[in-house]
Amino acid sequence: MKKFLFEDSLNDPQREAVLFREGSLLVIAGAGSGKTRTLTHRVAALVQEGVPPRSILLLTFTRKASTEMVRRASELLDDRCEKVSGGTFHSFANSVLRKYSTYIGFPGGFAIIDESDAEDLVGLIRKELDLAGKERSFPAKKTLMSMFSRAVNKVLPVEEIVCNEYTHFSSEVQDIAAVHREYAKRKTLHGFLDYDDLLVKLRNLLTEYPEIRERISSSFQYIMVDEYQDTNKIQAEILRLLASANRNVMVVGDDAQSIYSFRGANFRNIMDFPNLFPDTKMIRLEENFRSVQPILTLTNNIIDQAAEKFTKKLFTKKLAGNPPVLVSTGDEKAQSLFVVNKINELMLNGINPRDVAVLFRAGFHSFDLELELNRKGFSFNKVGGFKFVESAHIKDLLAHLKVLFHPRDRLSWYRILALVDSIGPKKAQMIFETLDKENLGYKGILKDIFPAKLAKPLETLRGLYASFEKDKLSVFDMGEIALNYYMPILKSRFDDWPKRQKDLEQLLVIMERYEDPREFLTDMTLEPPNTSSGNSMEISSESARRLTLSTIHSAKGLEWHTVFVIWVLDGRFPSIHAIENEDALEEERRLLYVAATRARENLFFVYPRNFYDRNLRMIFSNPSRFLSDIPDDLLEKQFLGSSGFRRF
């Protein structure tokens, strides 16, 4: 085998993974061990050896990750790497299903609806079935969609999900199942696929049509999957089907960082990979390039107590460093004061605020700390909140563009028509049914087919869609036309319209990057920006100097010089609800492990030792059970009392 150009820049396990060729490979990549480096070098090595780039499939969990890996591989070798196939599971499914839409029952193509649109459709069905108005407790549309999604990702009937995970709605299980069945019918009727459908339909296509499976599978000589511990049961099945021809599969992940079961991720996937692909070779990446050894020694101890795991020991060449600290404070107020004072001390010692993070299990855990930071004049970014494209003004603008390419998009039409003066729900239904009957779409708005009571309110909308009839409009041009139409509506509907206008202007900047409007709309659904209204999508230089407050789930994959993990109080972390469930308790342990491995130099765990939970009527006073028995030589323990610190 010809020597890979950059082989000498890898450590031994990385090199072994990069040069592995025939068969299945499981790479257990510990936190900070260079998994991205390993994947990108393997892509470059395969291309260097003459493997056609398009026969290499790289599946990731975000488009950003895929783009970054391809960019790095291209820098290592050349632009041939840019032709590597891949993206997220959902974007890959979308591209395949577009090609074979007839086989999945959509000969005219389909539109992808995002989470918010799916909830709106379920809400509409809920209302039509007269379930929303009954004097009883019936799940809201968001809860219903959560039930439906969990059923898909766990490959279980909706009824079983309700009875096992939503027991307080067990009496409503038959009506919930009825909503689910009607939801499936409506999606088929209107040519919709939701996120989960993309995976289900791809799996079904590969399962039911062996000739298509063989065609697709044989086109990929090598398949690689990043963050395999985050896959669900359907994604694992899709991988098995895609690899049926060549069986050259490499998955990279860390069982100790499997923390997304609430999204349907299945911890068993990575543990059972050697059973799914017999004769699997396993390589462990254990050298950590992020943290000092005292932090790694502690995190090794935390995960060693896991009930089931692939054993590994993280180590580093950075042997010196401060020991992690567990700080007990009197109450929540004292916890917040400790964190704020310690951050101030770090800043006085030259640490940039952007290199400091405070992590917590749930978003509400930081509320008191936020108040204290504001009182002391500290600026911070809190990671979380709803997605950019879930805000009303963004959805409004996108709806006007969606119907250009999917004329039967009922949800978008209802949203558009609801913005027109003098058009209520009944008139909107009449207009949509008129357009839908002849499949006229937006062109029907331009025709003289409506009675006067409908035609007059539609005059302004008719002017908008007449503008779209111009030749050779760019994606940016289309966005600008829609924004000019929407601005008066924005100003009349939102008191904070100047902030929302900035979001819409930033959306135009994004549109400039696209040549195909369909690709833009697909990306806005599958890979939307994460910043919501009220904040600019651009990260300013001022924002970049702020410290970070984040849930642990949002912090995965990131790192900081100093990390505080607050509320490490037994009953809060792990939560009281997880303590009675072995699988949930094990995931909470992994969650703490993820939090701890974000720190490079300093790691502080903090908890209030006297906390009364009013809902549960319980007092919590002990540190997290994951930390309470760790030896003092691995975790320094401090007690913050009225007279200051003392060790305990």
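Annotation: salt bridge (Lys or Arg N to Asp or Glu O under 4.0 Å) contacts of E587 (sequence neighbours excluded): R590. Remark: N300 engages no residue in a side-chain hydrogen bond (donor to acceptor under 3.5 Å, both in side chains) (not counting sequence neighbours).
The number of heavy-atom neighbours closer than 6.0 Å to OH of Y103, taken from other residues, nucleotides and ligands shown, is 12 or below. Other residues, nucleotides and ligands contribute at most 12 non-hydrogen atoms within 6.0 Å of the CD atom of E515. The environment of CZ in R71 is crowded: more than 12 heavy-atom neighbours from other residues, nucleotides or ligands sit within 6.0 Å.
Taking the charged nitrogens against the carboxylate oxygens, E237 and R240 do have a contact shorter than 4.0 Å, which makes a salt bridge. Between K395 and D114, at least one side-chain N (NZ, or NE/NH1/NH2) sits under 4.0 Å from a carboxylate O, which counts as a salt bridge. The residues D230 and K556 are annotated as salt-bridged, a charged nitrogen and a carboxylate oxygen being separated by less than 4.0 angstrom. Salt-bridge formation is detected for the pair D254/K312: a Lys NZ or Arg NE/NH1/NH2 atom is positioned less than 4.0 Å from an Asp or Glu carboxylate oxygen. Remark: R268 engages D272 in a salt bridge, criterion side-chain N to carboxylate O under 4.0 Å. Using a cut-off of 4.0 Å between Lys/Arg side-chain N and Asp/Glu carboxylate O, E211 and R215 are scored as not salt-bridged.
Looking at Q229 and E227, their side chains do bring a donor and an acceptor atom within 3.5 Å of each other.
Looking at heavy atoms from C-beta onward, T231 lies out of side-chain contact with L239 at the 4.5 angstrom threshold. For the pair V251/I270, no side-chain contact is recorded, criterion being any heavy-atom separation below 4.5 Å from C-beta on. Two residues are said to be in side-chain contact when any heavy atoms from C-beta on lie closer than 4.5 Å; L46 and V84 fail this criterion.
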Kindly indicate, with the supporting measurements, whether the criterion side chain to side chain donor-acceptor pair (under 3.5 Å) is fulfilled by S9 and R37. CA-CA 10 Å; S9 65; R37 180 183 182 82; 3.2 Å; yes
Should M511 and L401 be marked as a side chain to side chain contact (heavy atoms under 4.5 Å, CB included) after you check the CA-CA gap, both sets of side-chain angles, and the distance that decides it? CA-CA 12 Å; M511 295 178 80; L401 301 177; 3.7 Å; yes
Report the C-alpha distance between Y222 and E22 in whole Å, list the side-chain angles of each, state the deciding distance to 0.1 Å, and finish with yes or no for side chain to side chain donor-acceptor pair (under 3.5 Å). CA-CA 9 Å; Y222 292 95; E22 302 303 317; 3.2 Å; yes
The test is salt bridge (Lys or Arg N to Asp or Glu O under 4.0 Å); show your working for D279 and R247 and say whether it passes. CA-CA 11 Å; D279 301 320; R247 309 287 291 180; over 6 Å; no
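The CG atom of L296 lies 9.5 Å from the CZ atom of R290; values are rounded to the nearest 0.5 Å.
Geometrically, R98 does not engage F106 in a cation-pi contact, judged by NZ or CZ lying under 6.0 Å from the ring centre and within 45° of the ring axis.
Using bins of under 30°, 30° to 60° and over 60° for the plane-to-plane angle, the ring pair F61/F89 lands in the tilted bin. Ring planes of F520 and Y514: perpendicular class, angle over 60° (limits at 30 and 60°). By the 30° and 60° cut-offs, the orientation of the rings of H406 relative to F192 is tilted.
For residues 275-315, the set of pairs meeting the ring-ring contact (aromatic ring centres under 6.0 Å, His included) definition, not counting sequence neighbours, comprises F273-F277.
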